[in-house]
Participant: 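Shown below is the structure under consideration.
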Amino acid sequence: MLKNLLSKISPEGYYRFTNAIIPWLLTLSLLFITFGLYQGLFVAPPDYQQGDAFRIMYVHVPSAWISLFAYSVVFFSAIVSLIWHVKVYDVILLASCKLGALFTLFTLITGAIWGKPMWGTWWAWDARLTSELILFFLYLSILLLHGSFEDKKKAASAANILAIIGFINIPIIHFSVEWWNTLHQGPSVIKLSAPSIAGDMLSPLIITALGFTFFFFGTMLKSSQNILLDYEKNKLWVKSI
Amino acid sequence: MKKRSARIYYVTFLLIILGFVLYLFVKTFNENLLYYRSPTQLVDGNFPENYIFRIGGMVEEGSLKRVSGTKKVSFNVTDFKNKVLVKYDGILPDLFREGQGVVIRGHLEKDFFVAEEVLAKHDETYMPPEVQESLGLSEDSKSKTMESISQ
């Protein structure tokens, strides 16, 4: 079953399956994000030090989480695509790269907006911020490398190898705040001890993070459908749609 | 079939190499990727005058002095083992206060540190003001900032 999913998945079957689930994903994301942001921006108490300024984390943290998660999807697709040469995973890789790059940019921008009043600077070349910037360039390089080949098969394998090598950056981003002295604070939620964030501030964060995840899957699948239709535009099943 | 298993070995090989590179990366940059030094490192190491670098620590309670009518301030930065006197002439970030973690860029003069830029280092603790007041949790959050500074 799993093997079939990895190696035998047909473009047409993928298209029909994603067509069925995309509306659900987008509806769920709308519900979760609306509720989570309402809770986060209006209901959650202000922070004891930062006042209301901390509320930017309800968009900054989920998009940072997606910027890393999207790369895990890229990494997984790259491995499957490299071993089994499945077109669908090549398309997922491209779509995840595009979405990942957008979320990374959004993370960097919201972080800078928070950093100016709180730290006193828009940008610092510390390990966390720099590795996140490298992630942004990594997404762009994979897309550019893929686009620079005429032959789709060559493009896919070149992009796959770069995507696999680039995965080294993901643990570096996550652990940078623990391994080195950085200006960026350490993790508040994903760590071994209890979260160092009050419960009524944490729950909206988890809800928005879930909403962002649904949004990522919904838009990523939609984007992958478009790329797939373009790849297969001469096939019979596309013409019949 | 044969070709595919060759590719599986190839990917596995790539992943092992990747893990090894990550290990070397972390080992190599353990010292070099420090964004700032602590006051203890400042006392131990010989930093030449006019060498611009960053120090990080906590603003010592009761050490903040302002020169009235100017933007000049002086305060001690401590990691609870050693401390260093810092002089600064400029605008401080919102979060700056006594007991706050700071990262300061500047250079060393004879017995004090001349700051060019003062940044507030926030810790990872978030809580409502009432909780902080009633539980006196600020001590807890301070020790967390100290942990992240002196690791």
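Letters go in sequence order (proteins before strands), and every chain restarts at 1. What you see below is based on every heavy atom in this structure, not just the backbone, and it leaves out hydrogens, waters and symmetry mates.
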Participant: Among His184(A), His85(A), Lys116(A), who wins on heavy-atom pairs under 4.5 Å with chain B?
Facilitator: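 Option with the greatest count: His85(A).
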
Participant: Select one option (side chain, backbone, both, neither) describing which atoms of Ile8(B) are under 4.5 Å from chain A's heavy atoms.
Facilitator: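 Both backbone and side chain of Ile8(B) come within 4.5 Å of chain A.
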
Participant: Against chain B, label Met201(A) side chain, backbone, both or neither, depending on which of its atoms sit under 4.5 Å from a heavy atom there.
Facilitator: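 For Met201(A), the side chain is the part near chain B, not the backbone.
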
Participant: For Ala124(A), is it the side chain, the backbone, both, or neither that has a heavy atom closer than 4.5 Å to a heavy atom of chain B?
Facilitator: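 The answer is both parts of Ala124(A).
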
Participant: CD1 of Ile91(B): more than 12 outside heavy atoms within 6.0 angstrom?
Facilitator: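 No, CD1 of Ile91(B) has 12 or fewer neighbouring heavy atoms, counting only those of other groups under 6.0 Å.
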
Participant: Using every non-hydrogen atom in the two residues, find where Gln185(A) and His122(B) come nearest and quote the distance to one decimal.
Facilitator: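 Nearest heavy atoms, Gln185(A) then His122(B): CB-O, 3.2 Å.
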
Participant: If I compare all heavy atoms of Val26(B) with all of Trp179(A), which pair ends up nearest, and what's the gap?
Facilitator: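 Val26(B) and Trp179(A) have their closest heavy atoms at CG2-CZ3, 3.3 Å.
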
Participant: Check whether more than 12 heavy atoms from other residues, nucleotides or ligands sit under 6.0 Å from atom CZ of Phe35(A), and answer yes or no.
Facilitator: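 Count not over threshold, so no.
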
Participant: Ignoring hydrogens, what is the shortest heavy-atom contact between Pro171(A) and Leu22(B)? Give both atom names and the distance.
Facilitator: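 Nearest pair, atom of Pro171(A) first, then Leu22(B): CG-CD2, 3.8 Å.
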
Participant: Please check if atom OH in Tyr10(B) has more than 12 non-hydrogen atoms from other residues, nucleotides or ligands closer than 6.0 Å.
Facilitator: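 No, because the 6.0 Å sphere around OH of Tyr10(B) holds 12 heavy atoms or fewer from other groups.
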
Participant: Taking every non-hydrogen pair under 4.5 Å, which of Pro187(A), Gly199(A), Ala127(A) racks up the most with chain B?
Facilitator: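 Among Pro187(A), Gly199(A), Ala127(A), the one with the most close pairs to chain B is Pro187(A).
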
Participant: So how far is it from Ile165(A) CD1 to Leu15(B) CG, rounded to the nearest 0.5 Å?
Facilitator: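 Going from CD1 on Ile165(A) over to CG on Leu15(B), the span is 10.5 Å.
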
Participant: Is there a side chain to side chain contact (heavy atoms under 4.5 Å, CB included) between Arg128(A) and Tyr35(B) once you walk through the steps?
Facilitator: CA-CA 10 Å; Arg128(A) 171 57 75 82; Tyr35(B) 190 63; over 6 Å; no

Participant: Where do Leu183(A) and Ala120(B) come nearest, in terms of heavy atoms and distance?
Facilitator: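 So the two residues come closest at CD1-O, 4.0 Å.
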
Participant: For Val118(B), is it the side chain, the backbone, both, or neither that has a heavy atom closer than 4.5 Å to a heavy atom of chain A?
Facilitator: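 Answer is backbone: N, CA, C or O of Val118(B) sit under 4.5 Å from chain A.
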
Participant: Given a strict heavy-atom distance threshold of 4.5 Å, which part of Phe25(B) is in contact with chain A: side chain, backbone, both, or neither?
Facilitator: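 Side chain of Phe25(B) only, per the 4.5 Å heavy-atom cut-off to chain A.
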
Participant: To the closest 0.5 Å, what do you measure between CD1 (Ile168(A)) and CG (Leu18(B))?
Facilitator: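 Answer for the CD1-CG pair, Ile168(A) versus Leu18(B), is 4.5 Å.
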
Participant: Within this structure, what is the CD1-CG distance for the pair Ile79(A) and Leu14(B), rounded to the nearest 0.5 Å?
Facilitator: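 Taking CD1 in Ile79(A) and CG in Leu14(B), the distance rounds to 8.5 Å.
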
Participant: Give a yes or no on whether the backbone of Trp119(A) and the side-chain of Lys121(B) come within a donor-acceptor separation of less than 3.5 Å.
Facilitator: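 No: the side chain of Lys121(B) does not pair with the backbone of Trp119(A).
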
Participant: Given heavy-atom pairs under 4.5 angstrom as the criterion, report whether the side chain, backbone, both or neither of Arg97(B) touches chain A.
Facilitator: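 Side chain of Arg97(B) only, per the 4.5 Å heavy-atom cut-off to chain A.
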
